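Notes for the one structure printed next.
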Amino acid sequence: MTTPTPDPNDPRQALRQLGLWGLLASWDQVRSAPWLNDLITFERAERQRRSLERRLRSACIGSFKPLADFDWRWPKKIERGVIDELCTLDFIAEQSNVVLVGPNGCGKTMIAKNLAHLALLAGHSVRFVSASAMLTDLAACESSASLERRFGRYRRPALLVIDELGYLSYDARFADLLFEVISRRYLRASTLITTNKAFSEWGEVFPNASTVVTIVDRLIHKADVTTIEADSYRLKEAMERTTAKAAARKQRTKTREAGQ
């Protein structure tokens, strides 16, 4: 016998999803109430708002500049079409990975944070963490049981963002921990990594680690890998601020002299 498909427009189905069992139990009395649909709409909106707030806190994204403010003319090389495609979040539905490669200050983290925020708005679970914080967190576990629980923290999110891989070097144990994270998410959920190192240089990040080749292999099996070539965007903004302040001081000096 085929189970009938629930009608998404049935108020009773909405009440079940929202857990409003008192209203369901009194269905005959409330079914014609003019306020019923408004109540369902308000309850859904409030739960969605609270859910987003919880997921934002849990994701640990922090502050970031909107992608709309990014100066696409600054990088010497950037595949804007790839970034725009990533913003559709199809890679999360496909459970594929993303690797953003580029030097310090070129916008990798900003792009990663924007993608993480878009994923949260779309209802996905997200965790944003630096490579050093994640590996240090895992390495600090003193028992197998606590380590398993910690692995769950990084295995469960639909999108895990590992930021700044390559800025520090780690011993073989840290490589093994990263291998476990990547393996447990392999073909199950999406991982986004920002790095300043080409894959051929990851041996410098994890010297003498036998798992590096396997980490890269599993990471890029289903992945969008895009390289950004640019001078530091932060340095550019610092120079622009300095120039603007100098111009403002010069103008104030002229104004004072003109008033004397």
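Keep in mind the model is a prediction, meaning the values are calculated, not measured.
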Return a table of donor-acceptor pairs under 3.5 angstrom between the side chains of residues 108-116 and protein atoms on other chains or two or more places apart.
residue : atom : partner : partner atom : Å
Lys108  : NZ   : Gly102  : O            : 3.0
Lys108  : NZ   : Pro103  : O            : 2.9
Lys108  : NZ   : Tyr167  : OH           : 3.1
Thr109  : OG1  : Asp163  : OD1          : 2.8
Thr109  : OG1  : Asp163  : OD2          : 3.1
Lys113  : NZ   : Ile61   : O            : 2.9
Lys113  : NZ   : Ser63   : O            : 3.1
Asn114  : OD1  : Leu67   : N            : 2.9
Asn114  : ND2  : Lys65   : O            : 2.9
Asn114  : ND2  : Met110  : O            : 2.8

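- Listed by first then second residue, pairs satisfying salt bridge (charged side-chain N to carboxylate O under 4.0 Å, His left out) with a partner in residues 164-189 read Glu148-Arg184, Glu180-Arg184, not counting sequence neighbours.
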Output, in order, the C-alpha distance, side-chain angles, deciding distance and verdict of side chain to side chain donor-acceptor pair (under 3.5 Å) for Ser125 and Arg156.
CA-CA 8 Å; Ser125 55; Arg156 285 190 294 268; over 6 Å; no
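- Residues passing the ring-ring contact (aromatic ring centres under 6.0 Å, His included) test with Trp21, sequence neighbours excluded: none.
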Take Lys77 and Ile228, measure what side chain to side chain contact (heavy atoms under 4.5 Å, CB included) needs, and give me the verdict at the end.
CA-CA 5 Å; Lys77 175 187 175 184; Ile228 303 171; over 6 Å; no
One pair to check against side chain to side chain contact (heavy atoms under 4.5 Å, CB included): Leu187 and Gln95. What are the steps and the verdict?
CA-CA 6 Å; Leu187 301 181; Gln95 297 175 329; 5.8 Å; no
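- From Ile220, atom CD1 reaches atom CG of Asp224 across 12.0 Å, with rounding to the nearest 0.5 Å.
- Scanning all heavy atoms of the two residues, the minimum distance from Cys106 to Ala230 falls at CB-CB, 4.0 Å.
- Exactly one of Arg80, Glu85, Glu79 qualifies for a side chain to side chain donor-acceptor pair (under 3.5 Å) with Thr226. That residue is Glu79.
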What verdict does the side chain to side chain contact (heavy atoms under 4.5 Å, CB included) test give for Leu147 and Leu177, after you've listed the backbone C-alpha separation in whole Å, the side-chain angles of each residue and the deciding distance to 0.1 Å?
CA-CA 10 Å; Leu147 182 58; Leu177 293 170; 4.2 Å; yes
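- Two residues are said to be in side-chain contact when any heavy atoms from C-beta on lie closer than 4.5 Å; Tyr154 and Val129 meet this criterion.
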Using atom types as modelled, flag every donor-acceptor pair under 3.5 Å from a side chain in residues 138-145 to any protein atom, sequence neighbours excluded.
residue : atom : partner : partner atom : Å
Ser143  : OG   : Ser146  : N            : 3.2
Ser143  : OG   : Ser146  : OG           : 3.1

Mind listing the side-chain donor-acceptor pairs of residues 23-42 below 3.5 Å, one per line with the distance, residues two or more places apart or on another chain?
residue : atom : partner : partner atom : Å
Ser26   : OG   : Gly22   : O            : 3.2
Thr41   : OG1  : Asn37   : O            : 2.9

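- Atom CG of Asp71 sits about 10.0 Å away from atom CD1 of Ile78, to the nearest 0.5 Å.
- Remark: Phe151 pairs with no residue by the ring-ring contact (aromatic ring centres under 6.0 Å, His included) rule, at least two apart or across chains.
- The shortest side-chain heavy-atom distance between Val126 and Pro157 does not fall under the 4.5 Å cut-off.
- Arg47 places none of its side-chain heavy atoms less than 4.5 Å from the side chain of Arg44.
- Listed by chain and residue number, Lys197 satisfy the salt bridge (Lys or Arg N to Asp or Glu O under 4.0 Å) test with Glu204 (two or more places apart in sequence, or in another chain).
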Decide side chain to side chain contact (heavy atoms under 4.5 Å, CB included) for Val99 and Leu219; before the verdict, give the C-alpha distance in whole Å, the side-chain angles of both, and the deciding distance to 0.1 Å.
CA-CA 9 Å; Val99 183; Leu219 185 64; 3.9 Å; yes
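- Taking CD1 of Ile83 as the reference point, atom CH2 of Trp72 lies at 5.5 Å (rounded to 0.5 Å).
- Partners of Ala172 under the side chain to side chain contact (heavy atoms under 4.5 Å, CB included) rule, at least two apart in sequence or in another chain, are Ala209.
- Side chains of Val101 and Asn196 form no contact here, defined as non-hydrogen atoms less than 4.5 Å apart.
- Scanning for ring-ring contact (aromatic ring centres under 6.0 Å, His included) contacts around Phe128 gives an empty result, with sequence neighbours left out.
- In the hydrophobic cluster analysis, where Ile, Leu, Val, Met, Phe, Trp and Tyr join through side-chain heavy atoms closer than 4.5 angstrom, Ile215 is grouped apart from Val213.
- Residue pairs meeting the ring-ring contact (aromatic ring centres under 6.0 Å, His included) criterion with at least one member in residues 170-199, sequence neighbours excluded: Tyr170-Phe174, Tyr170-Phe206, Tyr186-His221, Phe199-Trp202.
- For the residue pair Leu159 and Phe91, the shortest heavy atom distance occurs at CD1-CE1, 3.9 Å.
- No side-chain heavy atom of Thr194 sits under 4.5 Å from any side-chain heavy atom of Leu165.
- Under the 3.5 Å distance criterion, the side-chain polar atoms of Glu201 are matched with a main-chain donor or acceptor of Ala198.
- Residues that satisfy the side chain to side chain contact (heavy atoms under 4.5 Å, CB included) test with Glu94, not counting sequence neighbours, are Asp90, Ser96.
- When side chains are defined from C-beta on, Asp137 does not count as touching Met134, because their heavy atoms never get closer than 4.5 Å.
- Residues Thr195 and Leu100 have side chains not in contact (no heavy-atom distance under 4.5 Å, counting atoms from C-beta outward).
- Between Leu168 and Ser132, the shortest heavy-atom contact is CD1-CB, 3.9 Å.
- In this structure His117 satisfies the ring-ring contact (aromatic ring centres under 6.0 Å, His included) test together with Phe64, sequence neighbours excluded.
- Around CG of Asp84, the count of heavy atoms belonging to other residues, nucleotides or ligands within 6.0 Å exceeds 12.
- For the pair Asn97 and Leu192, the minimum side-chain heavy-atom distance is 4.5 Å or more.
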